[in-house]
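In this chain, residues are counted from 1 in sequence order. Hydrogens, waters and symmetry mates play no part in the numbers below; they use all other heavy atoms, side chains included.
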Amino acid sequence: MKTAHEAAVEAAAKAGVTIRELHEIGEFAQVYRLFDDIWHPDPGNPPMTVELMVGFAHAGGYVAGAFEQGTLAGASVGFRADGTTLHSHVTGASIGRGIGFALKLHQRAWCLERGLTAISWTFDPLVRRNARFNLGKLGARPVEYLPNFYGVMGDAINEGDESDRLLALWRLTERPEEPPREPYTVGLGVEGGRPVIGRVDGPVVLVATPPDIETLRRDDPGAGRAWRLALREVLGGLMVRGSQVTGFTENGEYVVITEWFTGNLRGDPRLQAAEESDPCGAGQGQAIRRQADRRQNAARHRTVR
């Protein structure tokens, strides 16, 4: 089995880049320009300033770049949060080449070498490719829904939308639980490209996302706004009540175990009845109980930013 360092080196080689920590003003200036090219932010609101990168690097934070034949092609900046967690504040790279994945594996190896066991970061829950990458490829799990976390963002990606975010937590020394099997309840579906709110009273709920929210925001701002509010109501509402996101489907739906099952239900006759009446219930109940065992540990990280 590969070590974290070996896996990071292999991923970087596959992406055709070399990844290393950054320490010089000129390197931080390159990161600033790269992020500016990716997000095209308002002039007064860059994703990361050179001064902050200097401070984070000097204080023992994580500032790293991915270089392709000497040219910066991706970068990531993070700082130490509470306990043994690194908060990855911003990561940017060319899409579809594996550079982002290589940066994440480099970040994981960096953390483990320093005794850190988790990485947190925020992401827009409407961006389907990011949700699939974070939950499916990395195995991170959302632990908190954060409405309008950064305020309204006027860059080229967010298009003036409110900045709802999911706080993701990647436990580096654990394997994530697999999501329960069907049956599922559709809490948020889609019809004609727009969100349709359904039911959230089942043990496992699916919450849909739009195929391409970034294009939708530009072409139909009203539809983009509708998706923001619907996801906030359904996914945000479920999570604030204690439900847990356990996966992301190939069709672009969050898989959520509802609070009805993730609460203190051991010995509750409703859970026993559900397991006895449903042929898939026993396996589903076991998965739900395992998730409940992890719930207190997840709650401990909800204050991480």
Side-chain angles (χ1 to χ4, degrees), residues 1-23 27 31 34-35 38 47-48 53 56-57 59-68 72-124 127 129-144 165-178 245-248 294 297-298 300-305:
M1 184 175 179
K2 298 183 185 73
T3 66
H5 176 74
E6 290 169 341
V9 171
E10 182 179 287
K14 187 174 180 180
V17 296
T18 300
I19 301 177
R20 58 178 175 80
E21 285 187 76
L22 307 179
H23 301 283
E27 296 172 331
V31 174
L34 174 70
F35 288 167
I38 293 172
M48 177 61 59
M53 283 184 269
F56 288 162
Y62 178 83
V63 185
F67 292 87
E68 182 180 28
L72 188 69
S76 184
V77 181
F79 53 87
R80 296 189 187 223
D82 67 338
T84 57
T85 299
L86 176 80
H87 184 76
S88 180
H89 180 63
V90 58
T91 299
S94 301
I95 296 174
R97 298 177 52 197
I99 298 174
F101 181 61
L103 278 165
K104 278 300 182 188
L105 293 196
H106 182 274
Q107 196 175 65
R108 178 181 69 171
W110 184 94
C111 285
L112 291 174
E113 288 170 1
R114 289 158 177 79
L116 304 180
T117 59
I119 302 173
S120 65
W121 63 91
T122 62
F123 70 96
D124 188 339
V127 181
R129 69 173 184 278
N130 287 352
R132 182 173 290 118
F133 176 80
N134 293 331
L135 278 68
K137 191 157 189 174
L138 295 180
R141 291 292 180 263
V143 295
E144 188 174 6
R165 294 294 182 264
L166 283 174
L167 178 65
L169 187 70
W170 187 16
R171 297 177 177 87
L172 306 180
T173 58
E174 303 176 27
R175 294 181 64 87
E177 293 283 353
E178 292 297 321
V245 179
T246 62
F248 196 75
R294 294 160 61 92
N297 184 47
R300 183 170 61 87
H301 290 277
R302 288 184 178 176
T303 57
V304 177
R305 293 295 184 268

Response to the item:
Heavy atoms of Arg141 and Gly247 approach each other most closely as NE-N, 4.4 Å
Worksheet item: Taking only residues two or more places apart in sequence or in another chain, which ones pass side-chain hydrogen bond (donor to acceptor under 3.5 Å, both in side chains) with Arg20?
Response: Glu27
Practice prompt. Look at the side chain of Glu174 and the backbone N and O of Arg171, then say whether any donor-acceptor pair between them is shorter than 3.5 Å.
Written response: no
Practice prompt. Write down the atom of Phe123, the atom of Ala168, and the distance for their closest heavy-atom approach.
Written response: CE2-CB, 3.9 Å
Fill in: Val17 and Phe67, any side-chain heavy atoms less than 4.5 Å apart
no
Worksheet entry | Spacing of CG belonging to Leu166 relative to CG belonging to Leu169, to within rounding of 0.5 Å | 12.5 Å
Worksheet entry | Thr85 and Ile119, any side-chain heavy atoms less than 4.5 Å apart | no
Worksheet item: Should Lys104 and Leu138 be marked as a side chain to side chain contact (heavy atoms under 4.5 Å, CB included) after you check the CA-CA gap, both sets of side-chain angles, and the distance that decides it?
Response: CA-CA 8 Å; Lys104 278 300 182 188; Leu138 295 180; 3.9 Å; yes
Discussion item. Which label fits His87 and Phe79: parallel for a plane angle under 30°, tilted from 30 to 60°, or perpendicular past 60°?
Written reply: tilted
Worksheet entry | Closest heavy-atom pair and its distance - Leu103, Gly74 | CD1-C, 3.9 Å
Worksheet item: With sequence neighbours excluded, what pairs up with Phe133 under the ring-ring contact (aromatic ring centres under 6.0 Å, His included) test?
Response: none
Practice prompt. Mind listing the closest non-hydrogen atom pair of Leu34 and Ala75 along with its distance?
Written response: CD2-N, 3.9 Å
Worksheet item: Under 4.5 Å between any side-chain heavy atoms of Leu86 and Trp110, yes or no?
Response: yes
Worksheet entry | Leu22/Met53 under side chain to side chain contact (heavy atoms under 4.5 Å, CB included): CA gap, chis, key distance, verdict | CA-CA 9 Å; Leu22 307 179; Met53 283 184 269; over 6 Å; no
Worksheet, complete the sentence: Interatomic distance, CD1@Ile95 vs CG@Asn130, rounded to 0.5 Å, equals 7.5 Å
Discussion item. Checking Arg165 against Asp124 for the side chain to side chain contact (heavy atoms under 4.5 Å, CB included) test, could you report, in this order, the C-alpha distance in whole Å, the side-chain angles of both residues, the deciding distance, and whether it holds?
Written reply: CA-CA 5 Å; Arg165 294 294 182 264; Asp124 188 339; 3.6 Å; yes
Response to the item:
Rounded to the nearest 0.5 angstrom, the OG1-CD distance for Thr3 and Glu113 is 9.0 Å
Discussion item. Using ring centroids (six-membered ring only for Trp), state whether Tyr62 and His106 fall under 6.0 Å.
Written reply: yes
Discussion item. Whether the Thr117 and Thr84 side chains hold a donor-acceptor pair (N or O, under 3.5 Å, no angle test) is what I'd like checked.
Written reply: yes
Fill in: Carboxylate-amine/guanidinium contact Glu68 Arg97, below 4.0 Å
yes
Response to the item:
Correct closest heavy-atom pair for Ser76 and Gln107 would be OG-NE2, 3.1 Å
Item to complete: Carefully, step by step, assess Ser120 and Ser88 under the rule side chain to side chain contact (heavy atoms under 4.5 Å, CB included).
Response: CA-CA 6 Å; Ser120 65; Ser88 180; over 6 Å; no
Worksheet item: Which heavy atom in Trp121 sits nearest to a heavy atom in Ala140, and how many Å separate them?
Response: CH2-CB, 3.8 Å
Discussion item. Side chains of Glu177 and Thr246: any donor to acceptor distance under 3.5 Å?
Written reply: no
Worksheet entry | Side-chain heavy atoms of Lys2 within contact of Glu10, under 4.5 Å | yes
Worksheet entry | Heavy-atom side-chain proximity of Leu105 to Val9 below 4.5 angstrom | no
Fill in: Verdict with reasoning, Arg108 to Glu6, per salt bridge (Lys or Arg N to Asp or Glu O under 4.0 Å)
CA-CA 11 Å; Arg108 178 181 69 171; Glu6 290 169 341; over 6 Å; no
